[in-house]
Every structure is written in structure tokens, then in C-alpha cells.
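Worksheet for the structure shown next.
Chain A is the first sequence line, chain B the second, and so forth, proteins listed ahead of strands; every chain is numbered from 1. Side-chain atoms are counted along with the backbone in the values below, which use heavy atoms only and exclude waters and symmetry mates.
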2 protein chains.
Amino acid sequence: MVRMIDVAKHADVSLKTVSRVLNNEPHVQEKIRKRVFESINELGYIPSTSARSLRSLRTYSIHLISNSIEGAFINTVQSGALLSCQKHGYSLLISLLDSEILNNPKALKKWCAEFVVQKRPDGVILVPPHSDNIDLNSILNEANIPISRIGPNEIIDKDNSTIMIDDRKAAREVTEYLISLGHKRIGHVRGSEDQGATHKRYSGYTDALKAASIPIIEELIKPGNFRFESGLKAGEELLKMKNRPTAIFAANDDMAAGIIVASYMNHFKVPDELSVIGFDDNELAKRIWPTLSTIQQPVFGYGERAAELLVKKAGTRKKQTSLVISATELMNYKFILRESTNIASTANN
Amino acid sequence: MVRMIDVAKHADVSLKTVSRVLNNEPHVQEKIRKRVFESINELGYIPSTSARSLRSLRTYSIHLISNSIEGAFINTVQSGALLSCQKHGYSLLISLLDSEILNNPKALKKWCAEFVVQKRPDGVILVPPHSDNIDLNSILNEANIPISRIGPNEIIDKDNSTIMIDDRKAAREVTEYLISLGHKRIGHVRGSEDQGATHKRYSGYTDALKAASIPIIEELIKPGNFRFESGLKAGEELLKMKNRPTAIFAANDDMAAGIIVASYMNHFKVPDELSVIGFDDNELAKRIWPTLSTIQQPVFGYGERAAELLVKKAGTRKKQTSLVISATELMNYKFILRESTNIASTANN
DNA sequence: GTGAAAGCGCTAACAT
DNA sequence: ATGTTAGCGCTTTCAC
């Protein structure tokens, strides 16, 4: 094993100088810096993470906190975060924190205390519904752990970043598209109530209806939880109404897929008799028939950017506190038109 | 922060005794062991992973090596592995190793050297196609890193474990089921050629045909790569034949979904005009229409078991080398009958 | 069966 | 701008 002392001897400098070079600290001549890097490469030196973190209390790790890692959304976020972490020599770790604990302030406090002491993350990434949870955010803030929040939320926090798209605007766009096809009875299936996205997408839906002077009809709005099964159920209910909707905007793709299956089961043709629009553009959207019109979110980019911001922050901690990287970053979405939407048939309007 | 020395003082024993208790080492009186545990709980002591690994060269981490973490299969394996790791106080880390490097022996050797020095994993989990790669397996073996292999392969290795189902038997079963429905022209879409599963599933398919004295027709067997698009393409080709198959067994669900979409596009009704069977039972299987008949693999269990075996091995290293945990573990699969299969219509036979 | 001392590889604090 | 020294919290080695 090559140690730092070996590099120091090889480059004919002190231990500390090598350390400075590795940590991008100032006060090293460019010439020496270069010589040290040469020695590092020549000897194939790789710093020991355990020694570094033992001494410095930095772990070179980012934690992604989530209630599960199964599912297309979190899977893709993780993939993006992993890419950023690897690029900067950080590890990405997953910490499972389920909703039951999340919604119980006492249990949450205990969980966080253990988490902080045990993992000592240099930063954490929060996804919905965790990114919407005020308690969790403030506990981590108090523990002085940088956070990147993914997904829409209303948390005001000048020290950390939120990465999202304009859900409300996107939802309004898809609803307006359905209206432009001649649809007037447009149903909506909501996501989980504990997620900001649910409310913003609903607002976008009503924005579009109001702007077109179409009445908002309670019966056409069904609860859901972002899962396929809830879309299936909502679809069943909506299609069995005497005066059924001719189009449905589901708050995500999984539920939209459920609505499409419900249509098959009730012998309605999508898109001729029912238009369906989802949200996310997950892998399902291209694999079902008809393929799903939806809003494409840069989910991979969420993870990538979230991790990158944390790495940057960890790298500048205590050194240039002036450089505060934190803001609400609005990313770009894209409306993807596929086969699940069609003009409103006159028979139904 | 509570240190080991604090626990030692509190329990009125030496530092080393606490260390012994924590590492399950022998030569500690039961009475003292209990007292130490009490002190640990009372003080809320949590060992410092960095200090432990700096000294002992163990990292308390398992690495999952894969070319990507996106996709239902690897996602579920990871989820299972994460559960086991958390249960035993281990970290699960992901290392991305893409196929280009994997198939270039020189690049692979270099990658592994860096990986071993930098990560020092206590064990690695390999999934297809990595679990089928002889070079990778032997390099890791030489580096003395325990391996759990997931998925079918022919690697002979008395020191490590392989976890799989009997793919050949399962493939034979589904093909026999199609035969029992009266199908005689049964197509097959293969997976990636670098994966053992592809060959085993193909063998199961031919086993069933041979046993039923049905000729194996080359034209009905199409190449694929386990991806949706390859299933779509194979489906197109098979359906455009003059003498098209009445049933198709795809080597996985994603490709089966592609075949179903191809059927819609070519106006063939599934299952009335074409029966389709997949393999995996991933989330897609229940979300498409018609829902997919398939073989359910215990994918979560693969990850769970793989990690568990590695943790056990790491815990007994150097202490009881007699206890060698390694074998081929055959897990149970299940044939799931859904809506994508039907009896062969007489018109087509 | 238990303990004392040494030291893993690095960085923080303090020289110079 | 560079170097010296001490010590992070634990396990290893060896002594008893």
C-alpha cells in the first residue's frame, strides 16, 4: 500500500504539503503542486478514506433518504446522484426512512439523532414526501447537514437548495392541450396528499379550466396515491359515471397506466373514446399501448444536480463560507405527445 | 461523542474487553459481556466506522457491481441487498462497471485493481452479465474478496456462492403450458447472448418442444437483448411471417411487453390471436394490458440472500475458517397465469 | 480471561 | 509558503 508519506518522500516535500495538494488548499506553489501530482500518479497513490474521515470528521459520502428505493422515480434519481458522486470521489449511500417514522415527530427525532451520529453524511438528498417534511428539514438543518431537496415544496430555507420543475405550469399546459382537443369534461386523479406535487398539479389543472371558463366539477376529481392501483380504481369510477369524462389527466404515469387498463376492462377505447395524460415520462410510458402522452421531468438530472450541489458545498465548508450555493433551481420539463390523446368525439360532448 | 474508552470506564473494564464484546470475540465472561452491553446502551455508544476500518482493514461495506442501476431487476436486487446490509450494520455501495470494460481483459484488470485498493469491500455482489464473467470472478477471487453471484452461470467456484432459480426448468414449464393450450408454432425471443439465463431459457424452450415432438423451427427463434425495443422488433418480424406463430415465449417481461405493443400495431389481438409469455414478473407485467403471464423470480430475495451470505462470511473471516458458506442456492420460482395467454384458435393451426 | 501499549494513515493546530 | 507534532478512535500484538 502506498501511503501519503511515500508520496511526500518521492516528491521531496513534507507530509502536509501533499495533504494540501490533495485537498485543494491554497499556499502551495504551482510548481510543487505539479510535482506532487506527478508522484501521486507515478506511485498510484490512493488516499485512505477511513484515515481521512477519522481525522477530519468528513465522510466523503452523500446520503439519499427515502422510504423505499423501489420504483422508477427514485431509481432514476439515485442513478443521477450516483453519477455525480462518482465523478467527485464521493460515495452515495441510501438510508431508508419510512413514512410512519417520518410522520411521528418523536420517532423522527430519534431516527435523525442516530442517523447523524452513525452516518455523519456530508450532505443528504431528500425526495418527496421527505422533501416536503418540515420537521425533517429543520432537524437536519440544526445538525448542520447540507440538504438538497428534490421536488416541489414550500419550505423556505436560505441555506439549502430545492430542485424542481414548475409543476403547476406543466399541469396547466397538459390540461390546456386537452381543452384544445375539444374536451370539456376532463377528469383528474390526484397524487398523495402529503406531496407538494399533488397540489401544484391540481392547481395547474384548475388554472387551465378556469382560464377556459370550464366549470370545475368535484365528481371528476378523484383521490389517488401515485400508485397504479389507485389509478385503476379512479379510472373504474370515472368510466362508470353516467356522464363520464372524455379525458383524464392523472398526476403521474403509473396512475395513467391504471386508467388505461380500466378502459380496456370497461371496453372504452383509448384514445378514441377516452384521452389520457400522465406525468413523469417514466419507462412505463413507452411500454404500454397506447403509448402515453405525458410531461417529461428531468429525473436523472434532479439526482445529478442535487448531489453536485452537496459535493460543492462539502468542498467549501469552512474555507469560503462566502460562497453560499443555495436557491430554488427550476429545471426544464417537456410535454411528450404520444398516442393516448385524441380529439373529443362529438358523440360524447 | 461517546467513545469506546467511555464505555470501558463506565463498565469498569479495559478498552480491549469492550472491543472484544463488540466484535463477538471469545474469551470474555458472560457476566462481563452483559455489563458491557448495558453500558453501551446506557451511553448510546456507536462505534466509529472509520476508526475501525483504518485499523482493521475491514470496511463493513458490501459492493454491488453492475453496469447500471436503472431497471426493475437491478433495482429490486439492490433493495433486497440493502435490507440485509442495514440489518447487520453494513453499508451497501454501488460500483458501476460497464460492459465495455468488462469485456476488455486489460481494462478490467486495471479497473479491479483500483476498485480493490480504493473500496476494500468486505464482499461483492455480482449480477448478470457480470456474474457470468470468468475474468472478473477470478480477479476478485485472487484479491481474496468474497463474492455472491446472482443468476445462472456455469462458473465453478468452491469458495463463493451462486444464487439462482432453475431457469431451464421454468422455461420448459411455460413452453409446456403453451403446448397444452394447443399451440404448435411457438416463437421464442432470446435475451443477451452474454448471459447464462438466455441459454438456459432457450434450452428449456427446446426441451419442451422436443418432449412434445414439435419441430424446432429456426425462423421462429429471434435474437434479443432483454430490452423492450428488441422485443418490439422481434414481435414485428414474427407477426409479419406468412406462417406466423400463435404463441411467443419471450426471455423476459420487457421484451414480452414489446411483443404485445407490436401486436397492437399489427392489429393482432392478444391473447385471442397471439399468446405471449414473459419471464421475471417485473412491475410491468401487471401494468400492461393484457396483463402478462410470466415466471416470477424472487428478485428481492436474490439481493437479500446474496448480501446476507457476504455479511456472514465477513464476520467469520480468520476466526472460524472451517465454516465455509458457499454453494449453489436454488430458489423457488412461480408460474403466474394472467391474461396474455389463451388456447390456440383453430383458424391458425 | 484480561489488559497495556503501539500505531493504522491522515489532517488540525501550531510552528517557522 | 512549507514543515513539525500530536492525536482522531479503534484493533492488533503481546504480556500477564
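Comparing dC10(C), dT2(D), dT2(C) by their closest approach to the side chain of R20(B) singles out dT2(C). Taking the side chain of I32(B) as heavy atoms from C-beta on, and the options dG9(C), dA1(D), dT2(C), the nearest nucleotide is dT2(C). In the set dG3(D), dG9(C), dT2(D), the nucleotide with an atom closest to the side chain of L54(B) is dG9(C). Each of dG3(D), dT11(D), dG9(D) was ranked by its minimum atom distance to the side chain of S48(B); first place goes to dG9(D). For R3(B), the listed nucleotide lying nearest its side chain is dG9(D); candidates were dT11(D), dA13(C), dG9(D). Closest to the side chain of K16(B), from the set dA1(D), dT11(C), dT12(D), is dT12(D).
OP1 or OP2 of dG3(D) sits under 4.0 Å from a side-chain N or O of T17(A). Contact check, S14(B) against dG3(C): a side-chain N or O comes under 4.0 Å of OP1 or OP2. Regarding contacts with the backbone of dC10(C), a side-chain N or O of Y45(A) is found under 4.0 angstrom from either OP1 or OP2. At least one side-chain nitrogen or oxygen of S19(B) sits closer than 4.0 Å to the OP1 or OP2 atom of dT11(D).
Side chain to side chain, R149(A) and S131(A) fail the donor-acceptor criterion of an N or O pair below 3.5 Å.
Side chain R55(A) to base dG9(C): no donor-acceptor pair is found below 3.5 Å. Side chain R33(B) to base dG1(C): no donor-acceptor pair is found below 3.5 Å.
A salt bridge does not link K9(B) with D6(B): every distance from a Lys NZ or Arg NE/NH1/NH2 to an Asp or Glu carboxylate oxygen is 4.0 Å or more.
Using a 4.5 Å heavy-atom cutoff, the side chains of L93(A) and P121(A) are not in contact.
For the pair M4(B) CE and dA4(C) C1', the computed distance is 15 Å after rounding to whole Å.
Nucleic acid contact class of P26(A) (heavy atoms, under 4.0 Å, all strands): none.
Across all their heavy atoms, D122(A) and Y60(A) have their closest contact at OD2-N, 2.8 Å.
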